[in-house]
Amino acid sequence: MHLISVVLVALMALLHVYILILEMFLWQRGPGRRFSGFDAEMARSTAALAANQGLYNGFLAAGLIWGLIADDPTGYRVQIFFLSCIVVAGVYGAATANRRILFAQALPAAVTLATVIAAG
């Protein structure tokens, strides 16, 4: 179970690095516009907001990576904290912005969190 939790945490970190790249660097280009569903004008006018969101996703990824490399019990606790943050952010995002965030962010984080706790 421990190996599965490590792999899932690493995948969650990679997901948030990917989101960082889309939101900070590719927002006004094809991949970022497909991700957001925005036309060129909306992407241009929201680029600063997207970059800010991307930075937060980078912090989430960094926290998960820290959790993977830190010795226990710190690493375990850091993983629990950052995965919980992702679940809360995903539920809030789904309620306020787009329902697909629930399935793309909150649900994978909740499954990963349950796996980390079970591997505890």
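Counting from 1, the numbers follow the sequence of the chain as shown.
Listed here is the closest heavy atom pair of Val91 and Ala106: N-CB, 3.8 Å. Closest heavy-atom contact between Met12 and Leu83: CG-CD2, 4.3 Å. The shortest heavy-atom contact between Glu23 and Phe35 is OE2-CE2, 3.9 Å. In terms of heavy-atom proximity, Ala61 sits nearest to Ala13 at CB-O, 3.5 Å. When all heavy atoms of Gln105 and Ala89 are compared, the pair lying nearest together is NE2-CB, 4.1 Å.
Put simply, the side chain of Leu102 does not reach to within 4.5 Å of the side chain of Leu107, judged on heavy atoms. When side chains are defined from C-beta on, Leu113 does not count as touching Phe82, because their heavy atoms never get closer than 4.5 Å. Inter-residue side-chain proximity for Ile86 and Leu64 is flagged as met; some heavy-atom pair is nearer than 4.5 Å. Under the 4.5 Å side-chain criterion, counting only non-hydrogen atoms from C-beta, Thr74 is in contact with Trp66.
For the atom pair CG of Leu14 and CD1 of Ile19, the computed distance is 11.0 Å after rounding to the nearest 0.5 Å. In this structure, Met42 CE and Gln28 CD are separated by 12.5 Å, a value rounded to the nearest 0.5 Å. Interatomic distance, CD of Glu41 versus OG1 of Thr46, reported as 9.5 Å (0.5 Å rounding). Rounding to the nearest 0.5 angstrom, the gap separating the CG atom in Leu60 from the CD1 atom in Ile65 is 11.0 Å. Rounding to the nearest 0.5 angstrom, the gap separating the CD atom in Gln53 from the CG atom in Leu22 is 12.0 Å. Separation of atoms CZ (Phe59) and CG (Leu20) is listed at 9.5 Å; rounding is to 0.5 Å.
Side-chain polar atoms of Ser36 and Trp27 form no donor-acceptor pair below 3.5 angstrom.
One hydrophobic cluster, built from ILVMFWY side chains closer than 4.5 Å, cannot hold both Leu11 and Val17; they sit in different ones. Hydrophobic cluster membership is shared by Leu15 and Leu55, with clusters built from Ile, Leu, Val, Met, Phe, Trp and Tyr side chains linked at under 4.5 angstrom. Hydrophobic clustering, with ILVMFWY side chains joined whenever heavy atoms are under 4.5 angstrom apart, keeps Val9 apart from Val88. The hydrophobic cluster containing Val111 does not contain Ile4, counting ILVMFWY residues as joined when their side-chain heavy atoms lie under 4.5 angstrom apart, directly or transitively. Ile117 and Val87 are not part of a single hydrophobic cluster, where members link through side-chain heavy atoms under 4.5 Å apart.
More than 12 heavy atoms of other residues, nucleotides or ligands sit less than 6.0 Å from atom CG of Asp39. Under a cut-off of 6.0 angstrom, the local environment of OH in Tyr56 is sparse, with at most 12 non-hydrogen atoms contributed by other residues, nucleotides or ligands.
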